[in-house]
Every structure is written in structure tokens, then in C-alpha cells.
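For reference, the structure discussed in these notes is given below.
Throughout, a chain's letter reflects where its sequence line sits, starting with A, and its residues are numbered from 1. Any value given below was found using the heavy atoms of this structure, including those in side chains, with hydrogens, waters and symmetry copies removed.
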Amino acid sequence: MENILHLWENTGLYQMQPGQGIMIAIGMLLLYLAINKNFEPLLLVPIGFGGVLANIPGAGLAEHGGILHIFYSVGIESGAFPLIIFMGVGAMTDFGPLLANPRTLFLGAAAQFGIFATLMGAVALSTLGIFDFSLADAAAIGIIGGADGPTSIYVASKLAPDLLGAIAVASYSYMALVPLIQPPIMRLLTTEAERKIKMVQQRHVSQREKIIFPLLLLLLVAFLLPDAAPLLGMFCFGNLMKECAVVDRLSNTTQNSLINTVTIFLGLAVGSKLSADKFLDLTTLGILLLGMIAFGIGTASGVLMAKIMNKISTAPINPLIGSAGVSAVPMAARVSNKLGLESDPHNFLLMHAMGPNVAGVIGSAVAAGIMINYVTGG
Amino acid sequence: MDTSNLLNDGFTLMLFGMGFVFIFLTMLVIATTIMSTLITRYERNVGILPEEGVPSPTAVIPHHEHPHSTSESPADDTTVISVISAAVNKFRSRHK
């Protein structure tokens, strides 16, 4: 009898706390969204499953010594996984459209306003006493507006490890929601005539330019903002491997097997942060809300910047490509293209929107570097 | 931390951050434009690199993928393609 009682006390049912039950349900919901609705499945499947694993009562997978905790401390606490992913993203990025029209970098800069406006919002909310965010927390929340998963995780792991689960889930879910969040804002801020603007055909970008660009970017980072060097350094390295075309084997590994391997462990490790005591909190709700605002403001400021540039410059710029300045490669560029086609079925904006899109990746990495520099140094 | 202090810090970080992002990307625009101009001028004299890269020295015996191809080398093809596309571009920009 005593043995049976002992066995019963060791079952999940006996040890289950309500919070854990809810978190397992949330993990299942993420899996449902990924599998059935196709929302960023490459990330939400590992994250959702990691979330379920982390909340199995009594198993302690996410506690000290558990396998998910080991993944977390090896890959995320050290900052390694987001950086390796960034290298893979670099190896998949084509800077051609950006080099053909370097002015689109300004769109990528403008869209970063969402990051800083949200930081202000988070700080204001804690001043009002609604939430209790420190400056570091606010910076990590703001970076969700950069719409760049690895950057968000990198910044959160450096500045606000406690909020990492919520921040990662928010930034990846909003990336999946780009086609829903952005179009209403873009329609609101542009007129039909502006959406019909045709852009000049892009010039051909030579291979030499593509090889030199990552080196140029790296030197600029090295001179001006060493705090962004881990992110942009890996990014440039990946891109150089792709463009120089003499190390195709390395470049192929980086953009396929390596990034896939790391994504699995990154997802599981992020999932381990979805434990009930950390996630089921009003703060999480605040983060989700602020992240959404960050995204909206970023989109809006990108579009507005494009409108200003269109007024100033001689070559026409369709304001729709401004929204692609919030990274989220290549989803945001596709949204720009889609809205352009709705207004004029012969106006293909995809390649034009890729410029601000990759500029957004650089912009949010720079913003991340500044935040880390300011918060940890200041 | 004092609350008004926090608000101040946030505001400073916002100005500082946004300013720096713009300065950084402006410098990148300038550097990129200069780089592109220089390379375009340089390539006018020496020709462009083949898109698929310079063939690497290797111990493996080179395997010709297109034995019946009419052109002499893939590098020639890409040069021809880029010359044609440049001409098309010029034509389009003149006849709008």
C-alpha cells in the first residue's frame, strides 16, 4: 500500500500545480499555431515543445541540471546561439538591392524609432507605477520592435534574462503576424496615388561590391560601435563567406545545417524559459502589448520616412517599401510587394523593399549595440 | 532607482540611440556610395568578376559541366549578360 501511495505521489497528476497546467496548455497552443496555422513553425515548434517539457511537474527539465537548462546556459546565457543564427542569416542575405540603392538604409534607420519609442513607453509605465521595469528591462522590451528574433534574444540575454521567455515569444509571434499587423498601418498612412508610385529599375551590382560591402560594414562597426561587433561581425562573416564564393562548402553549412541545428536548441532553450513562475505574470501581458506597439510605431515611422524621402529626392520612392525597414526578412518586404500589387498589378516592389529590409537588420543590430553599451556602461 | 531619474535615462537613451543609428547608417550610405563609384570606375577598365567566383586551385580534376556549351567559358557568358543588362538599363532610363 505504501508503495502504491509513493508511486501516486510521484505522478505528474499529484504534483501538478495549476500554473504548470496552464503553461502546458500555452505550449500546446504554440504548437497548434505552428502546425495548423503555419506561424513561424521553424521556431514555434521547438519553443512550444520546450515549453511543455519545461512544465512537466517533478521532471525538472528546466531546473538546474536539467537538459533544457543545460541548453540554455550553454547557448543563450553565453550569447552563442543568437550569434550563430546571425551568421547563418548573414550567409542567406543578399545585399544587392541595398547596394543598388544605398539611400534605403535611411528607411532601415527610421523604422528603429519603434524600438526607442517603446523603451520610453515601458519606462513611462514604470514611472506611473503600473509595471516595475528597470531601464535594462525597458531596453530589452523595446528591441522587440526591431522584429529580429536573434537580436531580441541576444539583447534580452544580456540585459533582462528574467524576461527572456516573454520577449522571445513576443518577437517571434509578431514576426509571424507581420502580414496582419502592417497592412492597416500602411494603408492608413499612404494615399492611393502614393501606393501606385513606380520605382526606377535597379542597376546591376557587381560581385566585387558585394564582397567589399561586408568588410566595409565591419570596419565601420569596429571603429564606431564595438558593442554591436558580436552581432554585426558574425553577420558580416556569414555574408562574406557567401559572396566571396571560394568557400561554398562553409557557406552552405552555415546557411543550412548549422543554422538548423542551432535553431532546434535555441527553440528548446527559449521554451525552457516558459516556466509557470516566470511567465504567468502581468508583466508578460505588458511585454506582449508593448511589443505590438513597438512594431506598429516602427512600421509607421518607416513609411513616414519614405514619404519624406520621396518629397526630397529626385528618384521616386514608393512609401510602401518604408514599412520593410523593420527587419523581419523577408516577410515585411513581401507585405510591401503585396500592397503595391493591390494598387497597381504591374508594380513589383519586392526587390526595392529588400533594400530597407536588410537595412533594418543592420539598423536593429546597431540599436542593440547602443542599448547594451548605454545600459551596461552607463 | 528614482522614478524621474529613470524617465530621464530613458529619454536620453532614446535621443542618443536614434541619433546614433542615423549617424551610423548615414556614414554607411556615404561609404557605400564611394565604394560603389570606385569599383564601377575600376571595373570599367578590368571587367567584372564572374558571379560564381574565381575557380579555386584544387587537387580534384576539373569536371566540365557543359561539354557541348557553345561559349568558351562561363565567365564570358556573365560578362555578355551584364553588358546586355547595362545596355537595357540605359535604354530604359532614356526612353521613359
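By number of non-hydrogen pairs under 4.5 angstrom with chain A, the leading residue of T32(B), N89(B), L28(B) is L28(B). The candidate with the highest count of non-hydrogen atom pairs below 4.5 Å against chain B, out of L98(A), L216(A), I211(A), I115(A), is L216(A). Taking chain B as the reference chain and counting heavy-atom pairs below 4.5 Å, the highest number among A110(A), S134(A), G369(A), G129(A) is found for A110(A). Looking only at heavy-atom pairs under 4.5 Å with chain A, the residue among L38(B), T33(B), I30(B), T26(B) that has the most is T26(B).
Interface remark: M27(B) contributes backbone and side-chain atoms alike to the contact with chain A (heavy atom separation under 4.5 Å). Looking at A367(A), both its backbone and its side chain come within 4.5 Å of chain B, counting heavy atoms on both sides. There is no contact between V88(B) and chain A, counting heavy-atom distances below 4.5 Å. Looking at I39(B), the atoms closer than 4.5 Å to chain A (heavy atoms on both sides) all sit in the side chain, from C-beta outward. In this structure, no portion of A86(B) lies under 4.5 Å from any heavy atom of chain A. For chain B, the nearby parts of L224(A) are the backbone and the side chain; heavy atoms of each come within less than 4.5 Å. Heavy atoms of Q201(A) lying under 4.5 Å from chain B belong exclusively to its side chain.
By the 30° and 60° cut-offs, the orientation of the rings of F16(B) relative to Y374(A) is tilted.
Residue F213(A) qualifies as enclosed at atom CZ: its count of foreign heavy atoms under 6.0 Å is above 12. Counted within 6.0 Å of CZ on F11(B), heavy atoms from surrounding residues, nucleotides or ligands total 12 or fewer; the atom is thus considered open.
Annotation: side chain of L135(A) is in contact with side chain of L6(B) (closest heavy-atom distance under 4.5 Å).
For the atom pair T37(B) OG1 and E209(A) CD, the distance stands at 8.5 Å (nearest 0.5 Å). In this structure, CZ in F20(B) is found 13.5 Å from CE in M371(A), a value given to the nearest 0.5 Å. Once rounded to the nearest 0.5 Å, the distance linking CG of L119(A) with CE of M18(B) reads 12.0 Å. A distance of 4.5 Å separates CG in L220(A) from CZ in F24(B), rounded to the nearest 0.5 Å.
Contacts of R208(A) classified as salt bridge (Lys or Arg N to Asp or Glu O under 4.0 Å), with partners at least two apart in sequence or in another chain: E43(B).
Closest heavy-atom contact between G108(A) and L25(B): C-CD1, 4.3 Å. Closest heavy-atom contact between G17(B) and I370(A): O-CD1, 3.6 Å.
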- Query: How far apart are the C-alpha atoms of L13(B) and M120(A), what are their side-chain angles, what is the distance that settles it, and do they pass the side-chain contact (heavy atoms from CB on, under 4.5 Å) test?
  - Reply: CA-CA 9 Å; L13(B) 178 54; M120(A) 264 326 275; over 6 Å; no
